[in-house]
Amino acid sequence: MGENRLVYMDHAATTFIKQEVVETMLPFLKDHFGNPSSLYSIGREGKEAVETAREKLAKALGASPEEIYFTSGGTESDNWAVKGTAFARRKKGKHIITIPIEHHAVLYPCKYLETKGFDVTYLPVDEYGLVDPAELEAAIREDTILISVMYANNEIGTIEPISEIGKVAGEHGVPFHTDAVQAIGNFSLDLKGKDRDVNMLSLSAHKFYGPKGIGALYIREGTEIDSYIHGGAQEKRKRAGTENVAGIAGMGKAIELATANIEKHAEKIRKMRDRLRKGIMEIPHCRLNGHPEKRLPGNLNFSFEYIEGESLLLMLDQMGICSSTGSACSSGSLDPSHVLSAIGVPPEIAQGSLRLTLGDANTEEDVDYVLEVLPQVVEKLRAISPFYKP
Amino acid sequence: MGENRLVYMDHAATTFIKQEVVETMLPFLKDHFGNPSSLYSIGREGKEAVETAREKLAKALGASPEEIYFTSGGTESDNWAVKGTAFARRKKGKHIITIPIEHHAVLYPCKYLETKGFDVTYLPVDEYGLVDPAELEAAIREDTILISVMYANNEIGTIEPISEIGKVAGEHGVPFHTDAVQAIGNFSLDLKGKDRDVNMLSLSAHKFYGPKGIGALYIREGTEIDSYIHGGAQEKRKRAGTENVAGIAGMGKAIELATANIEKHAEKIRKMRDRLRKGIMEIPHCRLNGHPEKRLPGNLNFSFEYIEGESLLLMLDQMGICSSTGSACSSGSLDPSHVLSAIGVPPEIAQGSLRLTLGDANTEEDVDYVLEVLPQVVEKLRAISPFYKP
Amino acid sequence: MYNKKVMDHFMNPRNVGEIENADGIGEAGNPHGDQMKIFLKIRDNRIEDVKFKTFGCAAAIASSSMATEMIKGKTLEEAWELTDEAVAEALEGLPPGKLECSVVSREATHRAINDYRKKQGLEPLEEKT
Amino acid sequence: MYNKKVMDHFMNPRNVGEIENADGIGEAGNPHGDQMKIFLKIRDNRIEDVKFKTFGCAAAIASSSMATEMIKGKTLEEAWELTDEAVAEALEGLPPGKLECSVVSREATHRAINDYRKKQGLEPLEEKT
Ligand SMILES: Cc1ncc(COP(=O)(O)O)c(C=O)c1O
Ligand SMILES: Cc1ncc(COP(=O)(O)O)c(C=O)c1O
Ligand code: FES
Ligand code: FES
């Protein structure tokens with residue numbers, strides 16, 4: 001087995017920051033330190049950087065700059081969208097529809113709202129994680145005030161039928177939020193075109209080669225939503241707090257780069273991914289989780305029977321391969337991944353899950369390397385497993 | 001009048017980032033990009049950086065690392081402390097005590113809570129902005145569930161009697177939050193010693209030579225508080241969201257530097273400040289706002305009669321001096337600074353207010369320069385003013 | 001936030017001062033507490049000289065400066081027609097929220113003109129709205 | 001998160017395998033779905049050989065490896081006394097939350113010993129709690 005190689009296949013967890021992005025950030029960590037709210041010149045440089053980034057985000061999403069609000073990341077964006085809408089529309093109803101495979105940044109705010117008198121429907125998804133728009137429509141009630149369905153799932157990569165869902169939501173006059181944290185850079189969004197029924201959309205820079213701790217919420221003009229973080233007059237008084245100027249500038253650059261040539265980029269990643277998938281599927285007792293086709297170009301999620309994910313992950317790490325797992329052992333919780341459970345993967349199989357997510361850090365050699373190492377590691381662990389009978 | 005000089009006297013708005021701080025951050029913007037929640041090695045580097053920073057913050061505050069939670073800045077910390085406590089203790093009561101000169105990051109959450117059925121007492125302060133602990137005690141009711149009083153005010157620099165307030169709060173069993181955003185680095189905090197009655201404390205890195213968009217909330221063990229941002233398991237499940245690792249690492253370094261030699265540092269700033277103050281007080285029709293002695297070492301806040309603050313600020317900016325004002329014209333609101341109003345400064349005088357806050361960017365030459373330029377600018381504006389009769 | 005033209009009229013305002021025994025004096029304020037006072041010297045129905053004093057933001061000062069420049073040498077009827085937009089345009093634009101800062105200049109000018117007319121025994125002109 | 005010793009026992013676990021016709025076999029699991037199976041070869045009341053198979057996290061595998069190392073060559077009474085803490089200590093510590101992963105090793109060992117005792121017609125030993 002090879003050594004001293006680092007193969008990063010966990011792009012869904014976070015990405016490296018592109019060189020140009022770091023360079024865009026640096027001036028705001030060094031000389032241009034002024035507070036964007038200040039009136040004098042050195043504050044205005046910060047202000048300009050913030051507005052330039054806002055324009056870049058708007059352009060990438062097909063939105064207007066006035067509809068972009070900066071936050072501290074995808075989690076805050078999701079919290080704001082869900083709770084901000086729920087509280088703003090409380091008088092109109094108390095029913096929210098979401099799906100059980102959302103990120104915890106959507107699910108836990110929903111759970112929290114349940115303790116505050118809201119009703120949440122966790123609409124079941126199919127074995128691939130897909131929402132059925134007709135079922136969604138049937139779940140809408142008189143008092144439904146929000147629908148939140150993610151653009152693409154972070155664990156199994158399944159891409160939801162956002163346009164159809166948006167259409168249903170729009171027809172019933174229910175505001176529609178989508179967590180697009182995993183979507184940016186993987187396919188193009190167009191909030192004035194095919195995504196025109198989306199009212200709110202969350203994103204996070206560290207998933208598209210930008211820095212951590214910075215994100216945004218798109219809020220379509222006219223959407224009813226409360227502020228969530230109150231204070232100073234930043235972000236048109238909708239999201240208070242001194243702006244993370246360096247982070248915002250970096251995110252602007254990052255989204256520009258990530259959306260410059262989406263099709264070609266996605267194609268390249270998909271090609272590598274498909275070769276890896278084919279190779280891994282040759283390992284016996286292995287199944288692919290998520291949809292065979294409707295999935296993020298870089299995403300692979302397998303279950304290897306008879307072995308446990310944290311062990312697999314750590315052995316791969318020892319071989320220089322960075323991956324992720326939905327095993328309960330890895331999280332310190334008793335239950336394996338809520339996503340794998342929701343699509344019906346039995347717990348003992350979910351325990352042996354491995355997520356590999358490809359991205360710009362990868363090359364065809366990485367694929368070769370994983371195809372060399374992974375089968376050996378799986379075999380080694382199976383040899384230790386009391387469940388495995390060769 | 002001189003040219004091409006930049007005198008930054010707005011340290012209360014934000015500070016430059018120290019070189020060592022930037023250097024501490026850089027590795028996490030470059031190679032060490034792993035997600036701290038990941039189990040493999042490159043994630044663990046991030047995790048370690050986060051924990052090292054937590055220890056540095058704890059040490060600087062006299063707290064335990066387990067009591068430090070990272071946030072996206074002072075504003076989020078204040079929002080969390082106020083709303084998180086209010087919602088967690090709702091069953092015990094609905095009364096909150098704060099003061100009218102708090103930062104909007106405390107005041108607006110309080111206003112928001114009033115719309116949710118909470119009762120807020122805005123305890124009047126004296127002409128210097130000081131809280132009277134006896135009055136505070138008298139304001140405590142059976143159903144008081146939170147007291148929030150800032151450590152030091154950002155506009156007029158007044159330092160509140162935090163130990164006495166804490167004692168009163170403690171004796172009545174009311175949790176006590178203090179916004180210490182302006183305090184860090186200016187005098188030493190000791191949450192196990194003199195500040196032991198503080199239950200929650202907010203801070204923000206960009207006020208002590210760290211980056212923007214990162215802060216922390218100290219939460220004393222045993223304090224009842226709800227999470228405010230729900231999602232992943234970060235921060236012991238109390239504050240979700242992928243950590244801003246670079247920002248956190250930077251904040252750790254920044255607080256270490258800012259608290260390494262507080263007395264000497266504060267003395268140096270105070271000396272410059274006092275000379276500046278003496279010189280400015282020679283300008284006729286000028287008054288100092290805030291307490292003559294109990295104020296932050298770097299803070300000066302004057303009102304110059306007959307002139308308007310935004311004009312003053314912009315003329316100073318043209319001369320290379322960065323400052324701040326409480327004028328309504330500068331904020332686009334009709335009312336001048338809520339802080340100056342609360343300490344009884346008449347609106348027309350508040351309009352002519354100027355805040356100069358000194359810090360590590362300043363030298364004695366800066367003081368000389370401001371003393372040369374400011375009187376001329378004041379005179380020039382007074383010559384334009386219809387109110388001024390020489 | 002302000003453009004160069006605005007900054008120039010703010011840093012070097014034209015026509016600052018008062019006119020002794022002015023033929024017309026007008027004063028106007030806004031809810032910010034901002035205030036402008038304008039002094040006109042009028043000969044043959046024409047503004048021969050104008051001076052002002054303003055308390056207010058840079059936009060208010062620059063607008064005062066520009067407005068006085070624009071009405072100098074004009075007949076009273078011409079001066080009456082000067083709009084806020086024309087002043088803002090001559091300044092090559094004002095930031096959002098600062099457009100209203102030029103209102104005081106127009107109001108003070110109108111009052112000064114009517115002050116003169118009153119002294120002359122003429123009917124005051126009326127604001128069109 | 002795991003120290004070197006743990007990683008060593010995880011990457012190169014000692015005593016992996018099964019013993020055909022083992023004298024005692026024990027199995028234990030935890031609510032995570034983790035599982036350990038232990039096989040003892042016993043001679044003169046002493047553990048002459050031991051093998052295991054474990055499904056679980058690195059801590060579980062390393063604990064299994066260490067526990068089997070520690071009981072090998074011991075009398076059954078000595079082996080019975082092996083505590084989770086002793087295993088964790090021999091591993092130079094386990095991360096918080098992973099201490100319980102060694103519990104299955106102890107339980108499986110106890111069951112294997114009692115399995116042997118049962119086959120020998122002896123009373124099972126009892127857990128102290
Ligand atoms: C789908 C999804 N939503 C939300 C988040 C949270 O974003 P952040 O890490 O910026 O808090 C993530 C990533 O962690 C994600 O994958
Ligand atoms: C006293 C006080 N509290 C809170 C804040 C808000 O902190 P941040 O700018 O990090 O949002 C500030 C500064 O803006 C402040 O001075
Ligand atoms: S065996 Fe599941 S956490 Fe250790
Ligand atoms: S005069 Fe007050 S904002 Fe312009």
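Below, each value reflects all heavy atoms present in this structure, side chains not excepted, and no hydrogens, waters or symmetry copies. Below, chains carry the letters A, B, ... as their sequence lines are ordered, and counting in each starts from 1.
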Where on [X] is there a heavy atom nearer than 4.5 Å to chain A: the side chain, the backbone, both, or neither?
| X | result |
| --- | --- |
| B:Leu26 | side chain |
| B:Asp226 | side chain |
| B:Tyr228 | both |
| B:Leu39 | both |
| B:Phe16 | both |
| B:Ile42 | side chain |
| B:Arg90 | neither |
| B:Lys18 | neither |
| B:Ala246 | neither |
| B:Ser37 | neither |
| B:Thr71 | neither |
| B:Ala233 | neither |
| B:Ser38 | side chain |

Crowding at OH, B:Tyr108 (>12 non-hydrogen neighbours, <6.0 Å): no

Exceeds 12 heavy-atom contacts within 6.0 angstrom, atom NZ of A:Lys91: no

Selection from A:Cys322, A:Pro109, A:Gly74 maximising heavy-atom pairs under 4.5 Å formed with chain B: A:Cys322

Heavy-atom pair count under 4.5 Å with chain B, highest-scoring of A:Ile321, A:Leu29, A:Val22, A:Thr15: A:Leu29

Backbone of B:Ile229 reached by a side-chain donor or acceptor of A:Asn79 within 3.5 Å: no

Backbone N/O of B:Phe33 and side chain of A:Lys212: donor-acceptor pair under 3.5 Å: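 Between the backbone of B:Phe33 and the side chain of A:Lys212 there is a qualifying donor-acceptor contact (under 3.5 Å).
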
Verify whether one side chain among [X] and [Y] offers a donor that lies under 3.5 Å from an acceptor in the other.
| X | Y | value |
| --- | --- | --- |
| B:His230 | A:Lys83 | yes |
| A:Ser41 | B:Asp317 | yes |
| B:Asp10 | A:Tyr40 | yes |

Using non-hydrogen atoms and a 4.5 Å limit, figure out which bit of [X] sits close to chain B: side chain, backbone, both or neither.
| X | answer |
| --- | --- |
| A:Ser323 | backbone |
| A:Asp78 | neither |
| A:Leu6 | side chain |

Heavy-atom pairs under 4.5 Å with chain A, option from B:Trp80, B:Phe70, B:Tyr112 with the top count: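 Among B:Trp80, B:Phe70, B:Tyr112, the one with the most close pairs to chain A is B:Tyr112.
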
Which of B:Gly46, B:Ala240, B:Gly73 touches chain A most, by non-hydrogen pairs under 4.5 Å: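 Winner by heavy-atom pair count: B:Ala240.
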
Passing candidate, side-chain hydrogen bond (donor to acceptor under 3.5 Å, both in side chains) with A:His206, options B:Thr242, B:Asn35, B:Asn244: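 Single pass found, and it is B:Thr242.
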
Sub-4.5 Å side-chain heavy-atom contact between B:Arg239 and A:Ser72: yes

Residues A:Lys30, B:Ile17; criterion side-chain contact (heavy atoms from CB on, under 4.5 Å); working and verdict: CA-CA 6 Å; A:Lys30 294 178 172 172; B:Ile17 311 184; over 6 Å; no

